[in-house]
Amino acid sequence: MIDLHVHSTASDGLVDPAELAGRLAAAGVTTFSLTDHDTVAGLDAASAAAAGHGLGFLAGIEITAVHEDRDVHVLGYGIDPRSPGLARFLKSQRETRRARVRRIAERLAAIGLPIGPEAVEPPPGPGRSIGRPHVARALVRAGHAASVAEAFDRWLGRGRPAFVPRVGPTVGEVIDAIGEAGGVAGLAHPGVTACDGLIPGLAARGLTAIEVWHSDHDPDTTQRYHALAAELELLATGGSDFHGDGAGRRCRLGEVGTPPDRYERLLERIAALSPLGARRS
Ligand code: AMP
Ligand code: ZN
Ligand code: FE
Ligand code: FE
């Protein structure tokens, strides 16, 4: 299984980047891309661990854009993790995340649900990014929610009392940032984001792929985006969106991924963009 959507403790996953390859190999994954939110901090360790387990690896990222007050997640594949332009862009993204989490914590405190100060600090290690799942776990630790899923449902999700809207770059700006770092941009889990009306315009604006196969896509949804990818001549990718066991979301690790011929097409596209060729090990 080729899984091109996986998170680690460099963002809101529960598995350390160095441990991830072993965990994925045990589930039947043979090649993966680490796509942490707004950070490349886990890529070196994950790549080394992939090599140690004989797995294929593709440098990746998942960057949050904002369209009309809604989050749009954009995957980047084959990015150069050492691109200075990308590093500047991501640093600003992580600062925005931190500010948002602080505001969420203020709202929670105001409604009588204080969480510890450590909950609003990014995970230890340079360049790691924080997000609502960290707050959700803090709410569980503090006894304010029975599970991460309940914390989102009751407090943190859109329209809930501690929801704080995000500010951030447009999808086009994120596509450009990925392209400048030598990567290919894809729309993550369109069946979850539900922004179908945007996709043709984004395809014309440099979007290269859409995530057709995803843990949250049922067969009809998968079929719909499969057809849309063909219609718009977009590459099709897939991944589990694994965040670790007990991360609060259903995840079909080892069961959902990118077909090998689709992966080859993605690598060809990355190689065509970059004089260094596809960055995989
Ligand atoms: P943020 O980047 O801070 O907006 O947080 C988004 C992350 O929260 C995503 O990676 C999701 O995996 C996770 N998430 C969103 N909704 C839920 C939910 N209802 N239950 C568990 N995790 C969620
Ligand atoms: Zn996440
Ligand atoms: Fe996402
Ligand atoms: Fe994700």
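In listed order, ligands and their atoms are each counted from 1.
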**Student:** Identify the closest protein heavy atom to atom 5 (O) of ligand 1: which residue and atom is it, and at what distance?
**Tutor:**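 Heavy-atom neighbour on the protein nearest atom 5 (O) of ligand 1: Pro133 CD, 3.5 Å.
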**Student:** Going only through I, L, V, M, F, W and Y residues with side-chain contacts under 4.5 Å, is there a path from Ile63 to Ile199?
**Tutor:**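 Shared cluster, yes.
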**Student:** Closest N/O/S atom of His5 to the Fe ion (ligand 4), by atom name?
**Tutor:**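 In His5, the N, O or S atom with the shortest distance to the Fe ion (ligand 4) is NE2.
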**Student:** At less than 4.0 angstrom from any non-hydrogen atom of Arg100, what atoms of ligand 1 do you find?
**Tutor:**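 Once the distances to Arg100 are compared, the set is 1 (P), 3 (O), 4 (O).
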**Student:** Hey, do the aromatic rings of His217 and His189 have their centres closer than 6.0 Å?
**Tutor:**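 His217 vs His189: aromatic centres not under 6.0 Å.
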**Student:** Side chain to side chain donor-acceptor pair (under 3.5 Å) for Asp44 and Ser47? Distances and angles first, verdict last.
**Tutor:** CA-CA 5 Å; Asp44 284 351; Ser47 169; over 6 Å; no
**Student:** Do Leu14 and Leu34 belong together in a cluster built from hydrophobic side chains that touch within less than 4.5 Å?
**Tutor:**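 No: no chain of side-chain contacts under 4.5 Å links Leu14 to Leu34.
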**Student:** If you measure every N or O of Arg97 against every N or O of ligand 1, does any of those distances drop under 3.5 Å?
**Tutor:**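 It does: an N or O of Arg97 is found under 3.5 Å from an N or O of ligand 1.
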**Student:** Hey, is the main chain of Ala136 close enough, under 3.5 Å, to the side chain of His144 for a donor-acceptor pair?
**Tutor:**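 Flag not set: sc His144 to bb Ala136 has no pair under 3.5 Å.
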**Student:** Would you mind running through ligand 1 and noting each atom that sits below 4.0 Å from a heavy atom of His243?
**Tutor:**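 With His243 as reference, the close atoms of ligand 1 come out as 10 (O), 12 (O).
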**Student:** Please name the atom of Glu62, limited to N, O or S, that comes nearest to the Fe ion (ligand 4).
**Tutor:**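 The Fe ion (ligand 4) is closest to the Glu62 atom OE1, counting only N, O or S.
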**Student:** Can you pull out the closest protein heavy atom to atom 11 (C) of ligand 1? Residue, atom name and distance to 0.1 Å, please.
**Tutor:**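 Checked against all protein heavy atoms, atom 11 (C) of ligand 1 sits closest to Arg249 NH1, 3.9 Å.
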**Student:** Using heavy atoms and a threshold below 4.0 Å, how should the contact between Asp12 and ligand 1 be classified: side chain, backbone, both, or neither?
**Tutor:**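 Side chain only; the backbone of Asp12 stays clear of ligand 1.
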**Student:** Show which atoms of ligand 1 fall inside a sub-4.0 Å distance from at least one heavy-atom site of His37.
**Tutor:**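 Answer, ordered by atom number: 10 (O).
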**Student:** Is the distance between the Fe ion (ligand 3) and the nearest N/O/S atom of His37 smaller than 2.8 Å?
**Tutor:**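 Of the N, O and S atoms in His37, none lies under 2.8 Å from the Fe ion (ligand 3), which means no.
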**Student:** Could you check whether atom CD of Glu233 has more than 12 heavy atoms from other residues, nucleotides or ligands sitting under 6.0 Å from it?
**Tutor:**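 At most 12 heavy atoms, drawn from other residues, nucleotides or ligands, come within 6.0 Å of this atom.
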**Student:** For atom 20 (N) of ligand 1, what is the nearest protein heavy atom, given as residue, atom name and distance?
**Tutor:**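 For atom 20 (N) of ligand 1, the nearest protein heavy atom comes out as Phe152 CD1, 3.6 Å.
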**Student:** Any donor-acceptor pair under 3.5 Å linking the side chain of Glu19 with the backbone of Asp16?
**Tutor:**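 Looks like no, no N/O pair under 3.5 Å.
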**Student:** Among the clusters formed by ILVMFWY side chains lying less than 4.5 Å apart, do Phe163 and Val101 turn up in the same one?
**Tutor:**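 Cluster IDs for Phe163 and Val101 differ.
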**Student:** When you measure from the Fe ion (ligand 3) to each N, O or S atom of His189, which atom gives the shortest distance?
**Tutor:**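 Of all N, O or S atoms belonging to His189, NE2 is the one nearest the Fe ion (ligand 3).
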**Student:** Of all the atoms in ligand 1, which lie at a distance below 4.0 Å from a heavy atom belonging to Gly131?
**Tutor:**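 In order of numbering, the contacting atoms are 3 (O).
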**Student:** Kindly confirm whether the Fe ion (ligand 3) is within less than 2.8 Å of some N/O/S atom in Asp241?
**Tutor:**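 Here the distance criterion (N, O or S atom, under 2.8 Å) is not met by Asp241, so no.
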**Student:** Do me a favour and list the nearest non-hydrogen protein atom to atom 3 (O) of ligand 1 with residue, atom name and distance?
**Tutor:**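 Looking only at protein heavy atoms, the one closest to atom 3 (O) of ligand 1 is Arg132 N, 2.7 Å.
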**Student:** Check whether any N, O or S atom of His73, backbone or side chain, sits closer than 2.8 Å to the Fe ion (ligand 3).
**Tutor:**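 Under 2.8 Å: His73 contacts the Fe ion (ligand 3) through an N, O or S atom.
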**Student:** Can you name the N, O or S atom of His7 that is closest to the Fe ion (ligand 4)?
**Tutor:**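 Result: NE2.
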**Student:** Quick check on the hydrophobic clustering: are Leu207 and Ile79 connected, directly or via other members, by side-chain heavy-atom contacts under 4.5 Å?
**Tutor:**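 Yes.
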**Student:** Distance to 0.1 Å, residue and atom name: give those for the protein heavy atom nearest to atom 1 (P) of ligand 1.
**Tutor:**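 Its nearest protein heavy-atom neighbour is Arg166 NH2, 3.3 Å.
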**Student:** So do the side chains of Arg128 and Asp36 get within less than 4.5 Å of each other, counting heavy atoms only?
**Tutor:**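 Counting from C-beta outward, Arg128 and Asp36 never come under 4.5 Å.
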**Student:** Strictly under 4.0 Å, does any heavy atom of His7 approach an atom of ligand 1?
**Tutor:**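 Outside the 4.0 Å threshold, so no.
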**Student:** Of Arg97, Arg98, Arg94, Arg102, which meets salt bridge (charged side-chain N to carboxylate O under 4.0 Å, His left out) against Glu121?
**Tutor:**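 Single pass found, and it is Arg98.
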**Student:** Taking side-chain contact (heavy atoms from CB on, under 4.5 Å) as the criterion, tell me which of Met1, His243, Arg23 meets it with Leu253.
**Tutor:**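 When side-chain contact (heavy atoms from CB on, under 4.5 Å) is applied between Leu253 and each of Met1, His243, Arg23, only Arg23 qualifies.
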